[in-house]
Q: 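Structure provided below as structure tokens; questions to follow.
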Amino acid sequence: MPGAAEIPADVGVLVLVHPKDLPEVTLYAIDQFVLGGGRVIAFVDPFCEADQPPADPQNPLAAMMAPRASTLGPLFDAWGVELVAEQLAADRATALPVTWNNRGRPERVDYVLYERLGPEEFNSSEVASRDLESIMLSTPGLLRPIPEAKTALTMLLQTSSEAMQIPVSSIQFQPDPPRLLAEFAPAGTPFTLAARISGPADSAFPSGRPQGEPEEDETPPDAPDPMEGHRATAEDINVVVVADADLLADQWWIRVQDFAGMRFGTKTADNGDFLVNL
């Protein structure tokens with residue numbers, strides 16, 4: 001998918017998981033797919049823990065400094081939604097306990113960035129979320145509508161009201177669950193974690209298909225008209241954005257056990273059901 005210049009005509013639903021640094025040609029293909037009636041489910045993340053950069057023995061800090069965020073940039077602007085940059089949605093009420101090494105002694109502490117959502121955090125009016133029992137999240141981001149957007153955001157998943165924003169930098173090198181809990185100051189309002197976007201939208205590329213830059217000292221070839229076949233607008237788009245890609249990782253919703261030489265998975269949360277519902 002990265003680098004794709006078009007979406008095949010037989011694709012009805014396009015699922016994007018942690019789309020990092022997509023080139024303009026691919027963003028344009030997604031843009032035109034949505035404006036043409038295609039449906040998109042995008043799992044983006046301000047800090048994807050499942051995204052493990054390779055270790056560099058010569059520079060141990062390289063992996064910690066490597067970017068682990070994903071977004072759809074100009075497409076989100078066109079669709080009227082913002083994934084708040086460099087911010088995580090922490091939640092004290094839904095926090096999961098973790099074992100923390102306190103000076104050599106293991107302790108249990110609630111980690112406000114590992115969250116188990118329950119029915120109170122789901123939109124019971126939406127088919128995709130109303131019959132879920134639990135969703136497990138890891139370091140999720142938060143979504144909000146762009147002011148004056150023409151589209152409408154319908155919440156699917158949200159935090160409790162005991163939530164606050166925490167910068168990615170606070171856990172980038174070494175998470176400290178006890179400190180995060182001790183310094184927690186809830187905002188008093190829930191944050192949107194997943195939303196359906198609908199309504200009228202314009203293309204993120206008003207000038208049409210992006211043109212690649214010619215190589216130096218090369219005569220640029222005759223390029224096709226960038227506006228040929230270009231869709232400029234749509235009356236109603238159908239997009240879902242989820243501000244956590246980690247929730248699709250097996251460890252967050254499946255317990256795998258070995259029995260008689262075979263491996264069996266037992267569901268521990270409804271993360272997979274949520275995707276299928278969508």
Q: Please determine whether side chain to side chain contact (heavy atoms under 4.5 Å, CB included) holds for the pair F76 and V44, giving the CA-CA distance in whole Å, both sets of side-chain angles, and the decisive distance to 0.1 Å.
A: CA-CA 11 Å; F76 282 175; V44 294; 3.9 Å; yes
Q: For the CD atom of E126 and the CG atom of L132, what is their distance to the nearest 0.5 Å?
A: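 It is 11.5 Å, given to the nearest 0.5 Å.
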Q: Quick check against the 3.5 Å criterion: does T192 have a side-chain atom that pairs as donor or acceptor with the backbone of A194?
A: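 No, T192 side chain to A194 backbone: no donor-acceptor pair under 3.5 Å.
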Q: Could you check whether any side-chain heavy atom of W253 comes within less than 4.5 Å of a side-chain heavy atom of D270, counting everything from C-beta outward?
A: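 With C-beta onward as the side chain, the pair stays apart.
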Q: With side chains defined as the heavy atoms from C-beta onward, is the minimum distance between Y111 and P175 less than 4.5 Å?
A: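 Answer yes - side chains close enough.
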Q: Verify, without hydrogens or angle tests, whether T233 (side chain) and A201 (backbone) share a donor-acceptor contact under 3.5 angstrom.
A: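 Pair found, side chain donor or acceptor close to backbone of A201.
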Q: Return yes if some donor-acceptor pair links the side-chain N/O of S124 with the main-chain N/O of R130 below 3.5 Å, else return no.
A: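 Looks like no, no N/O pair under 3.5 Å.
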Q: Should L16 and V25 be counted in the same cluster of Ile, Leu, Val, Met, Phe, Trp and Tyr side chains packed under 4.5 Å apart?
A: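 Shared cluster, no.
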Q: What distance do T151 atom OG1 and I146 atom CD1 have between them, rounded to the nearest 0.5 Å?
A: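 It comes to 7.5 Å.
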Q: So that I can tick it off, tell me whether D31 and R231 are bridged by a salt bridge, with the cut-off set at under 4.0 angstrom between side-chain N and carboxylate O.
A: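 So R231 does not pair with D31 through a salt bridge.
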Q: Hey, any chance M136 and F274 share a hydrophobic cluster, counting ILVMFWY side chains that come within less than 4.5 Å of each other, even indirectly?
A: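 Shared cluster, no.
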Q: Can you give me the closest heavy-atom contact between A5 and A29, atom names plus distance?
A: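 Scanning both residues, the minimum pair turns out to be O-CB, 3.6 Å.
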Q: Starting from F33, can I reach L75 by hopping between I/L/V/M/F/W/Y residues whose side chains sit under 4.5 Å apart?
A: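 Yes, because L75 and F33 connect within a single hydrophobic cluster, where side-chain heavy atoms sit under 4.5 Å apart.
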Q: Testing the basics here: between P226 and Y28, what is the closest heavy-atom pair and its distance to 0.1 Å?
A: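 Nearest heavy atoms, P226 then Y28: O-OH, 4.2 Å.
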Q: Using side-chain heavy atoms (C-beta onward) and a distance below 4.5 Å, is S203 in contact with Q32?
A: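 The answer is yes, as the side chains (C-beta and beyond) meet within the 4.5 Å cut-off.
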Q: Please determine whether side chain to side chain contact (heavy atoms under 4.5 Å, CB included) holds for the pair R196 and V239, giving the CA-CA distance in whole Å, both sets of side-chain angles, and the decisive distance to 0.1 Å.
A: CA-CA 6 Å; R196 184 184 303 281; V239 172; over 6 Å; no
Q: Is a side-chain donor or acceptor of D244 paired with a backbone partner of S138 at a separation under 3.5 angstrom?
A: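 It does hold such a pair.
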Q: Donor-acceptor check, side chain of N123 to backbone of M155, threshold 3.5 angstrom: yes or no?
A: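 A pair under 3.5 Å: yes.
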Q: Does the side chain of V34 reach to within under 4.5 Å of the side chain of W79, using non-hydrogen atoms?
A: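 V34 vs W79: side chains touch.
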Q: Please report the shortest heavy-atom distance between V127 and N277, naming the atom on each side.
A: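 In this case the closest contact between V127 and N277 is O-ND2, 4.2 Å.
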Q: Determine, using the 4.5 Å side-chain heavy-atom cutoff (strictly less than), whether I197 and L27 are members of one ILVMFWY cluster.
A: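 Yes, it is one cluster - the side chains of I197 and L27 are joined through contacts under 4.5 Å.
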Q: I'd like to know if the side chain of R108 pairs up with that of T99 as donor and acceptor (distance under 3.5 Å, no hydrogens or angles considered).
A: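 Indeed, the side chains of R108 and T99 share at least one donor-acceptor pair under 3.5 Å.
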Q: Take atom CZ in R209; do more than 12 heavy atoms of anything else shown fall under 6.0 Å from it?
A: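 Not buried by this count: 12 neighbours or fewer within 6.0 Å.
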Q: Angle class for the W252/Y114 ring planes (parallel below 30°, perpendicular above 60°, tilted otherwise)?
A: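 Aromatic pair W252/Y114 classed perpendicular.
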Q: Are any non-hydrogen side-chain atoms of F43 and L275 less than 4.5 angstrom apart?
A: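 They are in contact (side-chain heavy atoms under 4.5 Å apart), so the answer is yes.
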Q: Can you get from F122 to L278 by hopping between Ile, Leu, Val, Met, Phe, Trp and Tyr side chains that sit under 4.5 Å apart?
A: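 Looking at the clustering, L278 is in the same group as F122.
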Q: For atom CD of E133, decide whether the heavy atoms of other residues, nucleotides or ligands shown that lie under 6.0 angstrom number more than 12.
A: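 Count not over threshold, so no.
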Q: Is any side-chain heavy atom of L83 less than 4.5 Å from a side-chain heavy atom of V241?
A: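 L83 vs V241: side chains apart.
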Q: Tell me the closest heavy-atom pair linking A69 and K20, and the distance in Å.
A: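 It is O-CG, 3.3 Å.
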Q: Please tell me if the side chains of P140 and E115 come closer than 4.5 Å, counting only heavy atoms from C-beta onward.
A: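 In contact.
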Q: Any chance the side chains of S160 and D91 put a donor and an acceptor closer than 3.5 Å?
A: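 A donor-acceptor contact under 3.5 Å links the two side chains.
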Q: In terms of heavy-atom contacts, does CG of D77 have more than 12 from other residues, nucleotides or ligands at under 6.0 Å?
A: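 For D77, atom CG is crowded (more than 12 foreign heavy atoms under 6.0 Å).
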Q: Taking atom CD of E24 as the centre, does the number of heavy atoms from other residues, nucleotides or ligands within less than 6.0 Å exceed 12?
A: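 Open: at most 12 neighbouring heavy atoms sit under 6.0 Å from CD of E24.
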Q: Does a side chain donor of either T139 or E49 reach within less than 3.5 Å of an acceptor in the other side chain?
A: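 No.
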Q: Go through the steps to decide whether V84 and Q165 satisfy the test side chain to side chain contact (heavy atoms under 4.5 Å, CB included), and finish with yes or no.
A: CA-CA 10 Å; V84 181; Q165 295 185 42; 4.0 Å; yes
Q: How many angstroms lie between atom CD1 of I135 and atom CG of D273, to the nearest 0.5 angstrom?
A: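 Going from the CD1 atom of I135 to the CG atom of D273 covers 7.5 Å.
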Q: Between Q257 and T266, is there a side-chain heavy-atom distance shorter than 4.5 Å?
A: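 T266 vs Q257: side chains touch.
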Q: Can you tell me how far OG of S170 sits from CZ of R179, rounded to the nearest 0.5 angstrom?
A: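 Answer rounded to 0.5 Å: 6.0 Å.
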Q: Is there a donor-acceptor contact under 3.5 Å from the side chain of D246 to the main chain of C48?
A: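 Checked: no pair found.
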Q: Near R255 CZ, under 6.0 Å, is it more than 12 heavy atoms from other residues, nucleotides or ligands?
A: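 Counting other residues, nucleotides and ligands, CZ of R255 stays at 12 neighbours or fewer.
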Q: Would F191 and R144 count as a side chain to side chain contact (heavy atoms under 4.5 Å, CB included) here? Give the steps.
A: CA-CA 8 Å; F191 299 138; R144 60 189 180 197; over 6 Å; no
Q: State, to 0.1 Å, how close F184 and A90 come at their nearest heavy-atom pair, and which atoms those are.
A: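 In terms of heavy atoms, the two residues are closest at CE1-CB, 3.7 Å.
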Q: Q174 and W100: which non-hydrogen atoms are nearest, and at how many Å?
A: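 Here Q174 and W100 meet closest at NE2-CH2, 4.2 Å.
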Q: Working to the nearest 0.5 angstrom, can you tell me the gap between N238 CG and D236 CG?
A: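 If I round to the nearest 0.5 Å, the distance is 7.0 Å.
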Q: Looking only at the side chains, is there a donor atom on one of S134 and R116 sitting less than 3.5 Å from an acceptor on the other?
A: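 Yes, R116 and S134 have a side-chain donor paired with an acceptor closer than 3.5 Å.
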Q: Mind checking the OG-CG spacing from S70 to D51? Nearest 0.5 Å is all I need.
A: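 One gets 8.0 Å once the value is rounded to the nearest 0.5 Å.
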